[in-house]
Amino acid sequence: MVSDVHGNARDLARAGEGADALICLGDLVLFLDYADHSRGIFPDLFGEENAHRLVELRTARRFEEARELGRLLWDGVDGDRATLIEQGVRKQYAELFAAFPAPTYATYGNVDMPRLWPEFAGPGTTVLDGERVEIGGRVFGFVGGGLKTPMRTPYEISDEEYAAKIEAVGEVDVLCTHIPPEVPELVYDTVARRFERGSRALLDAIRRTRPRYALFGHVHQPLARRMRVGATECVNVGHFAGTGKPWALEW
């Protein structure tokens, strides 16, 4: 199981070795690597120095200044912004989806572009969002995407829409989401030094339906990677881009 792949196709190609299936909880795209400012769509377009400046502003939560920097940079580029970003995403998706083993079960992260996935997902990859599937005799529920933030990443949805997808999944053995439940220890990033957005609806569903596991990613360096909420073992299975190692679920 992996999450927050962010362009790591090399390790992704080996992630399913010895497993009955690979599960991916999203964020395939690498727009900007906060650890290596030379990697991603942004530095490919604007260079490493501008990537470094953008990371500084975002880390300091100076989001308006970060957006202004982005506006200035895009004003100096020939070509449509959306088209150029999509070209970069398509290039990454072609490599990443080709690395998925069969079978793979995947849902979207907040930086993904769901409308492009049907073009790249092969017959061995099942994409699920607000849906259930049986894997190895257990029922898995999948909910993709993130909630709205000042970062304005591509697949952020309203709290109400997210809660409706959680409700549609219902009772499952394993609840798989991109973002964590709204628990301080699970949503706080110790390196970015900020609370990421977790879902209250997800937390309520865990308490109410008591799945055996709740699995997620999104927060790259969480205060706690694993903790129990009632009867449920909550586990952050990422950050695959940084570790290159999948998390194994066994029973």
Side-chain angles (χ1 to χ4, degrees), residues 1-5 12-29 93 96-147 154-155 157 161-181 186 198-199 201-218 226 229-238 240 245-251:
M1 184 168 298
V2 300
S3 184
D4 299 86
V5 176
L12 185 63
R14 300 191 296 266
E17 291 179 356
D20 295 324
L22 178 69
I23 292 175
C24 179
L25 302 184
D27 271 9
L28 298 181
V29 172
Y93 276 169
L96 291 160
F97 276 91
F100 278 147
T104 291
Y105 300 88
T107 196
Y108 317 112
N110 59 290
V111 303
D112 285 313
M113 300 178 106
R115 65 181 178 81
L116 298 182
W117 281 37
E119 297 181 37
F120 296 96
T125 299
T126 302
V127 180
L128 301 131
D129 188 18
E131 299 164 280
R132 302 149 54 100
V133 67
E134 185 176 315
I135 307 172
R138 303 292 193 276
V139 178
F140 287 67
F142 290 80
V143 175
L147 298 174
Y155 191 42
I157 60 178
E161 185 179 351
Y162 194 89
K165 291 196 295 184
I166 292 289
E167 185 67 24
V169 165
E171 294 187 13
V172 295
D173 299 308
V174 184
L175 184 52
C176 299
T177 59
H178 177 66
I179 63 173
L186 299 177
S199 169
L202 173 57
L203 178 60
D204 290 344
I206 289 169
R207 288 171 170 163
R208 184 178 68 255
T209 65
R210 298 163 60 89
R212 184 173 177 181
Y213 291 96
L215 308 175
F216 48 87
H218 187 56
R226 188 169 189 153
V229 173
T232 302
E233 191 75 17
C234 298
V235 184
N236 185 320
V237 305
F240 186 75
K245 297 178 181 179
W247 184 82
L249 176 61
E250 300 177 350
W251 59 73

S.K.: With a 3.5 Å distance limit and no angle check, can you tell me whether Ser199 reaches the backbone of Ala201 through a side-chain donor-acceptor pair?
M.R.: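 Side chain of Ser199 to backbone of Ala201: a pair is present.
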
S.K.: Just how far is it from atom CG of Leu147 to atom CD1 of Ile157, taken to the nearest 0.5 Å?
M.R.: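 Atom-to-atom, Leu147:CG and Ile157:CD1 are 6.5 Å apart.
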
S.K.: Are the side chain of Thr107 and the backbone N or O of Gly144 linked by a donor-acceptor pair below 3.5 Å?
M.R.: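 At least one qualifying donor-acceptor pair exists.
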
S.K.: Taking C-beta and beyond as the side chain, do Trp247 and Arg226 meet within less than 4.5 Å on heavy atoms?
M.R.: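 Yes, their side chains come closer than 4.5 Å.
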
S.K.: Check whether Arg132 reaches the backbone of Gly141 with its side chain - one donor and one acceptor, N or O, closer than 3.5 Å.
M.R.: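 No, because the side chain of Arg132 does not come within donor-acceptor range (under 3.5 Å) of the backbone of Gly141.
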
S.K.: Just how far is it from atom CD1 of Ile206 to atom CD1 of Ile166, taken to the nearest 0.5 Å?
M.R.: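 Answer rounded to 0.5 Å: 8.0 Å.
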
S.K.: Are Val133 and Phe140 side-chain neighbours, meaning at least one heavy-atom pair lies under 4.5 Å?
M.R.: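 A side-chain contact under 4.5 Å exists here.
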
S.K.: Quick one, Leu249 and Ile23 - any side-chain contact, counting heavy atoms below 4.5 Å?
M.R.: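 Leu249 does not reach Ile23 side chain to side chain.
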
S.K.: Check side chain to side chain contact (heavy atoms under 4.5 Å, CB included) between Arg212 and all other residues, then give those that pass, not counting sequence neighbours.
M.R.: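 Expected list: Arg138, Trp251.
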
S.K.: Quick check: does any side chain N or O of Asp112 sit under 3.5 Å from a backbone N or O of Asp27, one acting as donor and the other as acceptor?
M.R.: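 Such a contact is found between Asp112 side chain and Asp27 backbone.
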
S.K.: Between Leu22 and Met1, which heavy-atom pair has the shortest distance, and what is it?
M.R.: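 Of all heavy-atom pairs spanning Leu22 and Met1, the closest is CD1-N, 4.1 Å.
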
S.K.: Are Thr177 and Tyr162 side-chain neighbours, meaning at least one heavy-atom pair lies under 4.5 Å?
M.R.: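 The answer is yes; the side chains approach within 4.5 Å.
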
S.K.: On a heavy-atom basis, which atom in Val169 and which in Val172 lie closest, and how many Å separate them?
M.R.: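 Residues Val169 and Val172, closest heavy atoms: CG1-CG1, 3.6 Å.
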
S.K.: Determine whether Leu28 and Tyr108 make a side-chain contact, defined as any pair of heavy atoms from C-beta on separated by less than 4.5 Å.
M.R.: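 When only atoms from C-beta onward are counted, Tyr108 and Leu28 do not touch, as no gap falls below 4.5 Å.
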
S.K.: Specify the closest pair of heavy atoms between Pro246 and Ala15, including all atoms of both residues, with the distance to one decimal.
M.R.: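 Heavy atoms of Pro246 and Ala15 come nearest at CG-O, 3.5 Å.
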
S.K.: Check whether Asp4 reaches the backbone of His218 with its side chain - one donor and one acceptor, N or O, closer than 3.5 Å.
M.R.: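 Side chain of Asp4 to backbone of His218: a pair is present.
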
S.K.: Is the distance between the ring centroids of Trp117 and Phe97 under 6.0 Å?
M.R.: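 Judged by ring-centre distance (under 6.0 Å), Phe97 and Trp117 do meet the cut-off.
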
S.K.: Where the side chain of Lys165 meets the backbone of Asp129, is there a donor-acceptor pair that is under 3.5 Å apart?
M.R.: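 Checked: no pair found.
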
S.K.: Do Asp173 and Tyr213 have side chains that get closer than 4.5 Å, going by heavy atoms?
M.R.: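 No - every pair of side-chain heavy atoms lies 4.5 Å or more apart.
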
S.K.: Main chain of Phe142, side chain of Tyr105: is a donor-acceptor contact present, judged purely on distance under 3.5 Å?
M.R.: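 Between the backbone of Phe142 and the side chain of Tyr105 there is no qualifying donor-acceptor contact (under 3.5 Å).
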
S.K.: How close do Ile179 and Gly145 get, heavy atom to heavy atom, and via which atoms?
M.R.: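 Reported closest heavy-atom pair: CG2-O, 3.7 Å.
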
S.K.: Who pairs with Arg14 by salt bridge (charged side-chain N to carboxylate O under 4.0 Å, His left out), at least two apart in sequence or on another chain?
M.R.: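 Listed in chain order: Asp11.
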
S.K.: Could you tell me which non-hydrogen atom of His178 sits nearest to which non-hydrogen atom of Ser3, and how far apart they are?
M.R.: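 Looking at all heavy atoms of both residues, the shortest contact is ND1-OG, 3.8 Å.
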
S.K.: Is the closest side-chain heavy-atom distance between Leu186 and Pro181 below 4.5 Å?
M.R.: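 Contact flag for Leu186/Pro181 side chains = yes.
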
S.K.: Looking at side-chain heavy atoms only, is the closest gap between Val5 and Cys24 below 4.5 Å?
M.R.: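 Answer yes - side chains close enough.
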
S.K.: Return the CZ to CD distance between Arg208 and Glu167, rounded to the nearest 0.5 Å.
M.R.: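 Reported value, rounded in 0.5 Å steps: 5.5 Å.
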
S.K.: For Pro180 versus Leu202, what's the shortest heavy-atom pair and its separation?
M.R.: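 Looking at all heavy atoms of both residues, the shortest contact is C-CD2, 3.6 Å.
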
S.K.: Would the distance check show the side chain of Thr232 and the main-chain N or O of Pro211 forming a donor-acceptor pair, the cut-off being under 3.5 Å?
M.R.: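 The answer is yes, because a donor-acceptor pair under 3.5 Å joins these two groups.
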
